[in-house]
Amino acid sequence: MKTVRRLLHGEILRAVAFVAASFLALFGFFDMVSELQELNRYEAQGYRLHHALLFIALKIPVHLYELLPISVLIGTILVMARLAQSSEFTILRTGGLDPLRALGSLMSLGLIFVTLTFLIGDYAAPWADRQAIQLKGQFQGRLTIGQTGAWLKETQGQRHFAVNVRLFDGLEHMENIRIHEFNTQGKLLSISTASKALIQPKAWLLTDVERKTIATSADAKQLKFTSEHVKEQVWPTKISADMVAAALLSPERMRTWELFKYMRHLSQNKQNAQAYEIEFWRKVFYPLSCLVMLVLAMPFAYLHFRSGQIAGHVFLGVLAGISFTLLNNLFGFVGNLHNWQPWLTSAAPALIYSAVSLGAFWWMVLRR
């Protein structure tokens, strides 16, 4: 059994690596075509070919994270179909490889793919994406949204803060910051503006700060306005760089733990966190889709192939993988629109495809 497992795992790993490399080469070509236009656009700012090539290289972990499940599906289908066509899998079955053992062997390999997908999606891809953003930001400016930038809220004891960030480099530097302070009754107490800010652990270092305060007299009949200017000020806050990036960028760029902390931050400040909860659970369940892809590919080992039929079945497998991705995105949008349970919204596509593939496996293999 150990020899059979080594055979299957080796063949599938090589096939998945080949398919993933092919997809990465294709996406790299598309990125290169896009970057050729960027070279002309930002030539005056000093954007050169080596910058474009570095940017494309930094996008590889993001593409690999997105493509790994479908690469697992296509690679496994290729191996299973080839073993079935050459009757090698039939020989393995007569040698004692029953369906449940074969499925268990694939699941043990699937755990490796699950771990790899999680590590790439939670560490390599976010880091590389941030570096790519910082590289591009040197030539095209900072990150911003519309005319108003990003708005965030935070509660500190009896004070509430509304924070506006106009420009952000994706890592730790910000520009044009405004901090509005309110009391529990919703009255404005102060407005602080800073030209620049540096995100530090549990604090922001504000530079060139102007603070305007509004104080009420003892008889509550008059308002007193004061203004002061300081060169630097440390503002204690739990708003991290990932939270600022989440307000400016897609939550898909965040790590799972940072996404969870941002969800709690939104909930504690009574803000709608539905979209971020769905994305959090999607990131939790997404690596498990590799197991779903392996289960989908398993019945191909029990089909009877003739010459030239493998390409057609691989094409059907590609369509199944694409439909899974589309259904995953569809459930995310519909779940956010109708306020479905986030964990169920994210898990439903995997559960549906797992049920369909296990049903096909039972009908084609176990029932016979």
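In what follows, every heavy atom counts, from backbone to side chain, and hydrogens, waters and symmetry copies are set aside. Nothing here was measured: the structure is a model prediction, and the numbers come from that model.
Closest approach of Val292 to Ser354, counting heavy atoms only: CG2-OG, 3.3 Å.
A donor-acceptor contact shorter than 3.5 Å is absent between the side chain of Ser105 and the backbone of Arg101. Side chain of Glu154 to backbone of Lys238: a donor-acceptor contact under 3.5 angstrom is found. Not a single donor-acceptor pair under 3.5 Å links the side chain of Thr117 to the backbone N or O of Leu288. Using a distance-only test at 3.5 Å, with no hydrogens or angles considered, no donor-acceptor pair links the side chain of Thr213 to the main chain of Ser190. A donor-acceptor contact shorter than 3.5 Å is absent between the side chain of Glu228 and the backbone of Val209.
Phe333 and Ile322 fall into different hydrophobic clusters, where Ile, Leu, Val, Met, Phe, Trp and Tyr are joined by side-chain heavy atoms under 4.5 Å apart, directly or via other members.
Rounding to the nearest 0.5 angstrom, the gap separating the OG atom in Ser240 from the CH2 atom in Trp204 is 9.5 Å. Rounding to the nearest 0.5 angstrom, the gap separating the CG atom in Leu205 from the CD1 atom in Ile199 is 11.5 Å. Atom CD of Gln274 sits about 11.0 Å away from atom CH2 of Trp340, to the nearest 0.5 Å.
Side chains of Leu73 and Phe324 form no contact here, defined as non-hydrogen atoms less than 4.5 Å apart.
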Pair Phe315-Leu319, side-chain contact (heavy atoms from CB on, under 4.5 Å): steps then yes or no:
CA-CA 6 Å; Phe315 179 71; Leu319 292 182; 3.5 Å; yes
Kindly indicate, with the supporting measurements, whether the criterion side-chain hydrogen bond (donor to acceptor under 3.5 Å, both in side chains) is fulfilled by Ser323 and Tyr353.
CA-CA 10 Å; Ser323 65; Tyr353 271 71; 2.5 Å; yes
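A ring-ring contact (aromatic ring centres under 6.0 Å, His included) with Tyr286 holds for exactly one of Trp281, Phe118, Tyr65, Phe113; it is Tyr65.
A search for salt bridge (Lys or Arg N to Asp or Glu O under 4.0 Å) contacts involving Arg48 returns nothing, not counting sequence neighbours.
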